[in-house]
Amino acid sequence: RCSFINFKGKPMKMRWFYMLLLFIFLLTACTPAANTIICTPTVSVSIGPFDGQWQGSGITDDGKSFTIFFVVKNSAVTAIQYSFINPENTPCFNDTHMDIKTAQPQVKENAFSAPLGSDLNLSAVFSNDSSASGHLSGALTGFRRQFCNATFAVVWQATKQIVQAPPPVAETTSRASYPFETLIQILVFGLSNGSVLALNAIGVTVIYSTVRTLNLAHGDVFALATVVVTSWVRGLGIQRNWNPPELIGALLIVFCVAVLAGALLSVGVEELAFRPFRGRSRFAPVIATLALSFILFQGALVWRTLQPSWIPGQHRSVPGLPEVPTDAIPNLLPEINLIKVFNLPLNIVIRFSDVFVLVMAFLFVALATWFLQRTRTGRAIRAFSQNPTLAQVLGINLDQTIRRAFAFGGALAGAAAFIFAIYYGRPFGVHGAQSGLMAFAAALLGGIGSPVGALASGLLIGMASSLSDYYL
């Protein structure tokens, strides 16, 4: 059978790899140069004198500072949103009326009134076509955070937001990208995505090598760990403009929390789904991990309701379906284009974050390889993966080895979750078995029990995915 590398040190067969390179070369030869298209925003023509986006502010008698936003289109109010800052410096906002489809308030005689419910009663008078003032009252209820539940009345003033088109760009400032440059840019995206996949695949290959049963809950462990990372970053208030020692120290704390969360969740999966069926059934753990996958998914849904931005009955991307945590975090990695830094004559973008995630993938592969080959626990995991019966005869504790393998694999999933959240600035939005199955595919392609093979196959899948997205 074909594998990149295994514990016996068999070399990798390169024939398919060379064929893939030849296929990529042919694709670049047949691809025309991409034309640079400069897009400028089109400013829509207002039908009514007050049409446009309006934003203003006001202060209540008890000192709450409100921000008000509304949109007028064809002399009708089509969207209203307001927010205020609570004592804990967290914004409380109401976006329930951001898409008013029926009974849109009409602007008549330079004014309108919008009694849209107990949470919103807005009236406005337009002084001219660029300024307005009015009164806002209502009551917010249903927040888990009690400081957002309030009854308010505020007098506000607003101005119309003017959209200015950017200055024209000279035609000589950009050139068309060559096919080879397009290929490099696609491969950069593929390597970045494949690095995160490879990190998750390392944990899968370690766990599967010990139990030889598919763990359908591993993807949810990774996804929930990304939520832990973003929640801690937001909770600590980490910003990129912090002093480097403080920023690095805070990120190390979040990293340790993510690794610990991944390890604990993975050990919990082993205790609930694998240990009760050990020696009895090979298929029962698959069903049990599927059930745990749904449980962890429900945990993510509950977590979403505990976030400060959650509002009961808020708009959902797919009506009727629940949503997982999606709160974004600040971009904490330097926005540096290394091509410009080194003044290379290439019309591509290679960011510092792209190199960071790739370096971290190689670093964790080296760490996992050292752990499996040099530590006592790692050698026990390798021995058990090759011959469980003989390993027990030699005195290796079965339950302890499997538990440590799950803890190590979960810790790697937590590390992958940390890198994913820092790189993309958000939690993983697709909970369930999808990420786990992708990591399992990378682990099988690279050879079960081989971190180096998981890295190579993860990068290969990432590049193949990017190439297919662009060319197909």
Side-chain angles (χ1 to χ4, degrees), residues 197 199-231 258-307 310 316-318 320-326 381 384-385 388 398-417 420-421 427-444 448:
L197 175 61
L199 285 168
N200 207 11
I202 299 172
V204 172
T205 192
V206 172
I207 294 174
Y208 186 81
S209 66
T210 56
V211 295
R212 295 291 173 174
T213 303
L214 182 60
N215 178 11
L216 294 177
H218 187 84
D220 290 273
V221 170
F222 165 76
L224 203 58
T226 63
V227 179
V228 173
V229 173
T230 54
S231 298
V259 169
L260 181 61
L264 292 177
L265 287 173
S266 187
V267 170
V269 170
E270 192 275 332
E271 289 288 336
L272 297 175
F274 285 90
R275 189 171 184 178
F277 306 104
R278 191 165 300 144
R280 301 178 182 178
S281 172
R282 302 277 298 190
F283 187 67
V286 178
I287 303 301
T289 57
L290 179 62
L292 287 178
S293 175
F294 283 104
I295 293 175
L296 293 176
F297 175 68
Q298 292 298 322
L301 299 181
V302 174
W303 198 308
R304 175 72 179 98
T305 65
L306 299 177
Q307 292 185 319
W310 183 76
R316 292 169 177 170
S317 56
V318 181
L321 293 181
E323 288 195 348
V324 297
T326 55
I381 292 174
F384 188 81
S385 65
L398 171 65
D399 293 334
Q400 186 181 70
T401 300
I402 294 178
R403 188 181 302 111
R404 290 179 178 179
F406 270 83
F408 183 63
L412 290 173
F420 177 94
F428 187 73
V430 184
H431 290 242
Q434 178 177 339
S435 62
L437 291 176
M438 288 291 293
F440 182 69
L444 285 180
I448 293 299

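Computation of the quantities below employed the complete heavy-atom set of this structure, encompassing side-chain atoms and omitting hydrogens, waters and symmetry-equivalent molecules.
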Please report the shortest heavy-atom distance between [X] and [Y], naming the atom on each side.
| X | Y | result |
| --- | --- | --- |
| Ala258 | Val229 | CB-CG2, 3.5 Å |
| Leu214 | Phe274 | O-CZ, 4.3 Å |
| Val227 | Thr230 | O-OG1, 3.0 Å |
| Val259 | Ala411 | CG1-CB, 3.5 Å |
| Val204 | Ala443 | CG1-CB, 4.1 Å |
| Arg278 | Leu398 | CD-CD2, 3.8 Å |

Report the residue from Leu264, Leu265, Leu292 that forms a side-chain contact (heavy atoms from CB on, under 4.5 Å) with Val221.
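Only one option passes, and that is Leu265.
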
Between atom [atom1] of [X] and atom [atom2] of [Y], what is the distance when rounded to the nearest 0.5 Å?
| X | Y | atom1 | atom2 | answer |
| --- | --- | --- | --- | --- |
| Gln298 | Ser293 | CD | OG | 10.5 Å |
| Ile202 | Ile207 | CD1 | CD1 | 12.0 Å |
| Asn200 | Phe420 | CG | CZ | 10.5 Å |
| His218 | Leu412 | NE2 | CG | 8.0 Å |
| Phe384 | Ile402 | CZ | CD1 | 4.0 Å |
| Thr210 | Asn215 | OG1 | CG | 9.5 Å |

Does any N or O in the side chain of [X] come within less than 3.5 Å of the main-chain N or O of [Y], such that one atom is a donor and the other an acceptor?
| X | Y | result |
| --- | --- | --- |
| Thr205 | Ala201 | no |
| Ser209 | Val206 | yes |
| Ser266 | Gly262 | no |

State plainly whether the residues Arg404 and Glu270 are in salt-bridge range, i.e. N to O under 4.0 Å.
no

Does CZ belonging to Phe277 count more than 12 external heavy atoms closer than 6.0 Å?
yes

